[in-house]
Amino acid sequence: MSLEEIKKLNEGTMMETLGIEYIDVKEGYVYARMMVRPDLSQPYGMLHGGASMALAESIGGVGSAFYLGIDNYIIRGMQMSANHVKAAKVGTYVYATATIIHKGRQTHVWNIDIKNEDEELVSTCRLTNFILVNNEQ
């Protein structure tokens, strides 16, 4: 999948609503950014932890789909955990880097670090994806 194909695939989805911009995607690696907008913040003007987790799950899912091929497999987020360690203010970008740490036949495990514009860690996440064969090809 190319960056343009990923962008098209995300049209009309939560990923588009979040405003995720994919910068680099290759086997085992995804790099993306997202603007911290008021509608993605909590009442104190900082990025909502749920928005961080949605960003992380989204790019980890794209990473598995890129690795396996979107036509042959269905990717499902199975488990997600996160530690939010620093705030990101409305009006700034956060940058997310996903790296695969386990490539199994039925599961993929991704580590996703989200950093602010100063390259300080905002959240660190762990995602397990369940891999299903697409029998509707």
Side-chain angles (χ1 to χ4, degrees):
M1 287 191 304
S2 69
L3 290 174
E4 281 303 312
E5 289 171 317
I6 291 168
K7 184 178 178 183
K8 186 165 180 58
L9 184 67
N10 287 331
E11 288 177 358
T13 68
M14 183 175 196
M15 287 72 76
E16 182 178 53
T17 300
L18 291 170
I20 298 171
E21 300 173 51
Y22 295 92
I23 298 167
D24 191 15
V25 180
K26 53 190 168 194
E27 186 176 316
Y29 175 86
V30 179
Y31 184 62
R33 73 178 187 170
M34 182 177 76
M35 170 65 77
V36 181
R37 304 183 320 246
D39 61 332
L40 300 179
S41 72
Q42 36 89 322
Y44 302 105
M46 303 296 172
L47 180 63
H48 191 285
S52 295
M53 291 185 75
L55 169 61
E57 184 168 357
S58 297
I59 72 169
V62 162
S64 288
F66 181 85
Y67 176 71
L68 294 168
I70 195 77
D71 295 329
N72 299 324
Y73 296 91
I74 299 169
I75 314 304
R76 297 286 184 258
M78 185 170 139
Q79 195 278 333
M80 180 90 180
S81 65
N83 290 299
H84 308 297
V85 297
K86 189 169 188 72
K89 296 178 185 177
V90 167
T92 64
Y93 278 98
V94 289
Y95 296 84
T97 303
T99 51
I100 197 164
I101 57 175
H102 169 72
K103 295 179 196 176
R105 286 186 324 217
Q106 294 183 312
T107 60
H108 288 172
V109 179
W110 290 84
N111 187 77
I112 303 103
D113 286 337
I114 301 171
K115 296 183 177 181
N116 64 20
E117 293 174 343
D118 294 325
E119 298 187 21
E120 299 167 317
L121 187 64
V122 172
S123 297
T124 185
C125 307
R126 185 64 53 97
L127 168 67
T128 303
N129 285 328
F130 188 65
I131 312 302
L132 299 166
V133 174
N134 185 356
N135 292 320
E136 297 180 16
Q137 309 174 49

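None of these values were measured; they are calculated from a predicted model. For the numbers below, each heavy atom of this structure counts, side chains included, while hydrogens, waters and symmetry mates do not.
- Geometrically, Arg33 does not engage Tyr95 in a cation-pi contact defined by less than 6.0 Å to the ring centre and at most 45° from the axis.
- Remark: Tyr67 engages His108 in a ring-ring contact (aromatic ring centres under 6.0 Å, His included) (not counting sequence neighbours).
- For the side chain to side chain donor-acceptor pair (under 3.5 Å) condition, the pairs that include at least one residue of residues 77-86, sequence neighbours left out, are His84-Ser123.
- In this structure, Glu5 has no salt bridge (Lys or Arg N to Asp or Glu O under 4.0 Å) partners at least two apart in sequence or on a different chain.
- Listed by first then second residue, pairs satisfying ring-ring contact (aromatic ring centres under 6.0 Å, His included) with a partner in residues 7-43 number zero, not counting sequence neighbours.
- Remark: Glu27 pairs with Lys103 by the side chain to side chain donor-acceptor pair (under 3.5 Å) rule, at least two apart or across chains.
- For Glu11, there are no salt bridge (Lys or Arg N to Asp or Glu O under 4.0 Å) partners at least two apart in sequence or on another chain.
- Remark: the backbone N or O of Lys89 is paired with a side-chain donor or acceptor of Thr92 at under 3.5 angstrom.
- By the side chain to side chain contact (heavy atoms under 4.5 Å, CB included) test, Asn111 pairs with Thr99, Ile101, Asp113, Thr124, Arg126, sequence neighbours left out.
- Side-chain contact check for Thr128 and Trp110: no donor-acceptor pair (N or O, by modelled atom type) lies under 3.5 Å.
- Partners of Glu16 under the side chain to side chain donor-acceptor pair (under 3.5 Å) rule, at least two apart in sequence or in another chain, do not exist in this structure.
- Residues meeting the salt bridge (Lys or Arg N to Asp or Glu O under 4.0 Å) test with Lys26, sequence neighbours left out: Asp24.
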I'd like a table of donor-acceptor pairs (distance under 3.5 Å, sequence neighbours excluded) in which one partner is a side-chain atom from residues 37-47, with atom names and distances.
unit_1: Arg37; atom_1: NE; unit_2: Asp39; atom_2: OD1; d: 2.9
unit_1: Arg37; atom_1: NH1; unit_2: Thr17; atom_2: O; d: 3.3
unit_1: Arg37; atom_1: NH1; unit_2: Leu18; atom_2: O; d: 3.1
unit_1: Arg37; atom_1: NH2; unit_2: Thr17; atom_2: O; d: 2.8
unit_1: Arg37; atom_1: NH2; unit_2: Asp39; atom_2: OD1; d: 3.4
unit_1: Arg37; atom_1: NH2; unit_2: Asp39; atom_2: OD2; d: 2.9
unit_1: Ser41; atom_1: OG; unit_2: Pro38; atom_2: O; d: 2.7
unit_1: Gln42; atom_1: OE1; unit_2: Tyr44; atom_2: N; d: 2.6

